[in-house]
Protein chains: 2
Amino acid sequence: MANDNENKSIKMRDVADHVGVSVATVSRALRNPEQVSPAVRARIAAAIDTLGYLPDPAARALASTRSDLIAVILPSVSNNVFADVMDGIYAAAEGTRYSVQLGYSRYSPLSEENLTKLFLRQRPAGIVVTGIDQTDATKTLLGQANCPVVQIMETGPEPYDRMIGFSHYDAARVATAHLIAQGYRAPGFLGARMDPRTQRRLHGFRDELRAQGLEEGRRVHTTTRPSSVTLGSYLLGELLSVAPETDAVFCINDDLALGAMFEAQRRNLRVPESLGICGFNDMEMMGAAEPALTSVRTFRREMGEGAIQMILDALAEKAPASEPVLDLGFEVVARTSTQRGG
Amino acid sequence: MANDNENKSIKMRDVADHVGVSVATVSRALRNPEQVSPAVRARIAAAIDTLGYLPDPAARALASTRSDLIAVILPSVSNNVFADVMDGIYAAAEGTRYSVQLGYSRYSPLSEENLTKLFLRQRPAGIVVTGIDQTDATKTLLGQANCPVVQIMETGPEPYDRMIGFSHYDAARVATAHLIAQGYRAPGFLGARMDPRTQRRLHGFRDELRAQGLEEGRRVHTTTRPSSVTLGSYLLGELLSVAPETDAVFCINDDLALGAMFEAQRRNLRVPESLGICGFNDMEMMGAAEPALTSVRTFRREMGEGAIQMILDALAEKAPASEPVLDLGFEVVARTSTQRGG
DNA sequence: TTGACGAATGTAACCGCTTTCATTACTCAC
DNA sequence: GTGAGTAATGAAAGCGGTTACATTCGTCAA
């Protein structure tokens, strides 16, 4: 209401005129303040303030061949796991000069490739991608990207640049070991979507069973359909009809675990006595459920924050942190749902 | 591997040279194909393909004073409700020339104002904001934005431009009426966060109680803390200790409802006989729970899709759809958790 | 006093595309 | 055949910043 000047967007020229210096000086005051005398710098700051100047990101990007965007490619919008990651990403980017440009690959490597091309075209300040299962073309693109690249959600031997995550394989092995340690002798596996990360969890489950001398029998039940609580109920039903001896289930995520628990209640199967249940990710609800559900805690928010921090560090040319691959680990949070006498 | 040409990013100049026309013609072939002869157009298309040309969005935006970004401002990253909205938004934007630029206000109107300024600076193709509770400054900015503006999640009398959502007040009234119709005489209210939309639901609850001649007593229990399943359990506990006569709860979202249900189980309170539970939004888990939980279904994905569609229509200068305000309504999905004998 | 040097600032080219205006080549009515 | 009108294309001026390079000016050692 007060200021009509907000209308005809103020540009750097206006600020320069207002102060009585050239646009170059204003530009420098913004990008490399130490090159401008304190007095002028202060007057410029004041002018920017009173005029309400905001730089045009397009012009900036064009002139400097570098945008202030951090591109982030995630597989899914609706998966809660990534909501937490995003939370960390936005929190870490907040207050910096960078803003986040988000893309969703819908678990399709091809779609991921297209997004990568699109984003790289913007000359981003950094790029965050999920996992390690890119197409060859994407690998090439990311390998020669001239900005920091961070892979999240996993650890692995050959990062394009840097990596922050944990081992899905190890996490599944430890969770399976937990079930066995609790006395379950016929644990089953419930999986949905079955993207690469989920597959690695399945491998971990299988290897641990084998290592402990147990048979997996017909107790691995998976589908490529997207995960949901309803699906968890359904899969448990299927599993029990195929393999009635099942005495526990390791679910590749918490939604499935919750669904399995509801289904167990419907069938008057006692949890944890007759059926142990272990989820994955340890979303907030797991501790609140009745009975409380065991899960593998993962550090999702921290992965998001860490990824952005890695990029900021790289841009600030801080000494590259000792290790290019940061393993955040995981933690089996044992709760009632697997607390069997022994 | 194959193509080294991906490296030194191809520009329009290269395409033009390759075809033997001016950059102006290439530009036209891309923006206004009908101005270019079919023969030339085809050759340009071919050249773009073989060279793998991708336009530079910054240059485009700078030259045309218009970016291909649709700015979206949501209150929260982690709230599942908005995940669904985003899902719709990304789905609708997919395949168009527009991409989405997301910002989170963390329920802070001031933060929303800053984001609005920032985004408007990019001369977006359109902007989507959540709700109707903007600061005066934001109102002014949006009112004079020279691009389509869509408000989502609510309906109201004075849209800046267009609006798509539903009435939270009405939804809460109808849900409350449902509880009363089921024979509950002492329904309580569980609320978290208490942002403006939540407040409107509380008003609806209160007005309906009053309209039906019931007292609310001390049965409205709210907190400004963010919602969670755990909090639902906690709030129900609090409510019952303050108002033991409570025979049903209307929860402002499904997380609280789920938490309330778990707490009821812990206390051996029978649902729905001793305690009716109604959630809000009808997330997927509600139908899968045991007992299945009643909720108010909202059309979140549709709001996201619809908002983008409105912007696309406006940009295509289609006749402005009859009504600037589109009410998607809601639907009380009655399930076991409120199925009392009568 | 004088020339060298560094700090502060200005000048102007340029980033890659869009768009106005001018130009060219036709088509067609008269 | 001629001038008007139209479709297709090119030339060039920006869009709003950044940055290499030039210029100015004050400081200081010789």
Side-chain angles (χ1 to χ4, degrees), chain A residues 7-45 47-48 51-69 97 118 120-125 146 315, chain B residues 5 7-45 47-48 51-69 97 118 120-125 146:
Chain A
N7 277 356
K8 292 278 118 244
S9 63
I10 315 296
K11 33 199 81 154
M12 190 175 278
R13 173 81 267 155
D14 303 318
V15 176
D17 290 350
H18 191 266
V19 176
V21 296
S22 69
V23 292
T25 301
V26 177
S27 177
R28 275 188 291 256
L30 258 35
R31 314 289 283 190
N32 308 79
E34 72 283 0
Q35 293 181 7
V36 175
S37 71
V40 174
R41 210 191 302 164
R43 282 162 54 214
I44 289 177
I48 286 178
L51 295 176
Y53 167 74
L54 282 173
D56 180 327
R60 233 206 237 285
L62 183 56
S64 65
T65 66
R66 175 137 310 303
S67 77
D68 285 347
L69 287 173
R97 51 186 280 201
L118 195 67
L120 246 23
R121 201 67 180 85
Q122 327 215 26
R123 308 159 187 287
N146 65 338
L315 291 172
Chain B
N5 48 358
N7 277 357
K8 294 276 118 248
S9 64
I10 315 294
K11 32 200 83 155
M12 191 176 279
R13 173 82 264 154
D14 303 317
V15 176
D17 290 350
H18 192 266
V19 176
V21 295
S22 68
V23 292
T25 300
V26 177
S27 176
R28 276 188 291 255
L30 258 35
R31 313 290 284 188
N32 309 79
E34 73 283 359
Q35 292 181 8
V36 176
S37 70
V40 174
R41 209 189 302 163
R43 282 162 54 214
I44 290 176
I48 286 177
L51 294 177
Y53 167 73
L54 282 174
D56 179 328
R60 230 204 238 288
L62 183 57
S64 66
T65 66
R66 174 139 309 305
S67 77
D68 285 347
L69 287 173
R97 52 188 278 202
L118 195 67
L120 246 23
R121 200 66 181 84
Q122 328 216 23
R123 309 159 187 285
N146 65 338

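Residue numbers begin at 1 in each chain, while the letters A, B, ... track the order of the sequences.
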**Fill in**
Atom CG of A:D56 and atom P of D:dG17 are separated, to the nearest Å, by 6 Å
**Message:** Nearest to the side chain of A:A63, heavy atoms from C-beta on, is which of D:dT19, D:dG10, D:dG17?
**Reply:** D:dG17
**Message:** Please determine whether a side-chain nitrogen or oxygen atom of A:R66 lies at a distance below 4.0 Å from atom OP1 or OP2 of D:dG17.
**Reply:** no
**Message:** Determine whether a donor-acceptor pair (N or O, by modelled atom type, separation under 3.5 Å) exists between the side chain of B:R66 and the backbone of B:A61.
**Reply:** no
**Prompt:** Over how many whole Å does the gap from B:L54 atom CG to C:dC17 atom C1' extend?
**Reply:** 14 Å
**Message:** Is B:S37 close enough to D:dT9 that one of its side-chain N or O atoms is under 4.0 Å from OP1 or OP2 there?
**Reply:** yes
**Prompt:** Looking only at heavy atoms, what is the nearest atom pair of A:Y53 and A:I10, with distance?
**Reply:** CD1-O, 3.4 Å
**Minimum side-chain heavy-atom gap A:R121-B:S9 below 4.5 Å** = yes
**Prompt:** Looking at DNA chain D, which of residues 25-35 of chain A put a heavy atom within less than 4.0 Å of it?
**Reply:** A:S27, A:R28, A:R31
**Asked** Can you check the B:I44 CD1 to D:dA8 C1' distance for me, whole Å?
**Response** 11 Å
**Item:** A:S64 side-chain N/O to D:dT18 phosphate OP1/OP2 under 4.0 Å
**Value:** no
**With sequence neighbours excluded, residues passing side chain to side chain contact (heavy atoms under 4.5 Å, CB included) with A:V40** = A:V21, A:T25, A:V36, A:S37, A:R43, A:I44
**Prompt:** With respect to the phosphate group of D:dG16, does any side-chain polar atom (N or O) of A:Y53 fall under 4.0 Å of OP1 or OP2?
**Reply:** no
**Request:** Grab the CZ-P distance between B:R123 and D:dC15 for me, whole Å please.
**Result:** 10 Å
**Interatomic spacing from NE2 in A:H18 to CG in A:L51 - rounded to 0.5 Å** = 5.0 Å
Please tabulate, one pair per line, each protein N/O and nucleotide N/O from nucleotides 24-27 of chain D that are separated by under 3.5 Å, including the distance.
none

**Prompt:** Base, sugar-phosphate alone, or nothing: which one does B:R41 contact when heavy atoms must sit under 4.0 Å apart?
**Reply:** nothing
**Message:** Using only atom types and a distance under 3.5 Å, with no angle test, would you say the side chain of A:D56 pairs donor to acceptor with the backbone of A:A59?
**Reply:** yes
**Complete:** Sorted by chain and residue number, the side-chain hydrogen bond (donor to acceptor under 3.5 Å, both in side chains) partners of B:S67 (sequence neighbours excluded) come out as none
**Request:** Kindly calculate the angle separating the two end axes of the helix from C:dT1-D:dA30 to C:dC30-D:dG1, each obtained from five base pairs, and round it to 10 degrees.
**Result:** 50°
**Asked** Which whole-number value in Å describes the distance from A:Q122 CD to C:dC17 P?
**Response** 13 Å
**Request:** Report yes if a side-chain nitrogen or oxygen of A:R13 is closer than 4.0 Å to either non-bridging phosphate oxygen (OP1 or OP2) of D:dG14; otherwise report no.
**Result:** no
**Request:** Starting at atom CD1 of B:I10, determine the distance to atom C1' of C:dC17, rounded to an integer number of angstrom.
**Result:** 16 Å
**Item:** A:V23 vs A:K11 side-chain heavy atoms within contact, under 4.5 Å
**Value:** no
**Prompt:** Is B:R60 near enough to C:dT19 that one of its side-chain N or O atoms lies under 4.0 angstrom from OP1 or OP2?
**Reply:** no
**Asked** Between B:V23 and A:A58, which has a closest nucleotide on DNA chain D that is more 5'?
**Response** B:V23
**Message:** Counting only side-chain heavy atoms from C-beta out, which of D:dG17, C:dG16, C:dT9 sits nearest to A:V36?
**Reply:** C:dT9
**Asked** Going from CZ on B:R28 to CZ on B:R41, what distance comes out if it is rounded to the nearest 0.5 angstrom?
**Response** 12.5 Å
**Request:** Write down the atom of A:A125, the atom of A:L315, and the distance for their closest heavy-atom approach.
**Result:** O-CD2, 3.4 Å
**Complete:** From CG of B:L62 across to P of C:dG16 the rounded distance in Å is 12 Å
**Message:** Between B:R60 and B:M12, is there a side-chain heavy-atom distance shorter than 4.5 Å?
**Reply:** no
**Item:** B:Q122 CD to B:D68 CG distance, which is reported to the nearest 0.5 Å
**Value:** 12.0 Å
**Item:** Minimum heavy-atom distance A:A29-A:P33, with the two atoms named
**Value:** O-CG, 3.5 Å
What protein N or O atoms touch nucleotides 24-28 of chain C N or O atoms at under 3.5 angstrom, if any, and at what distances?
none

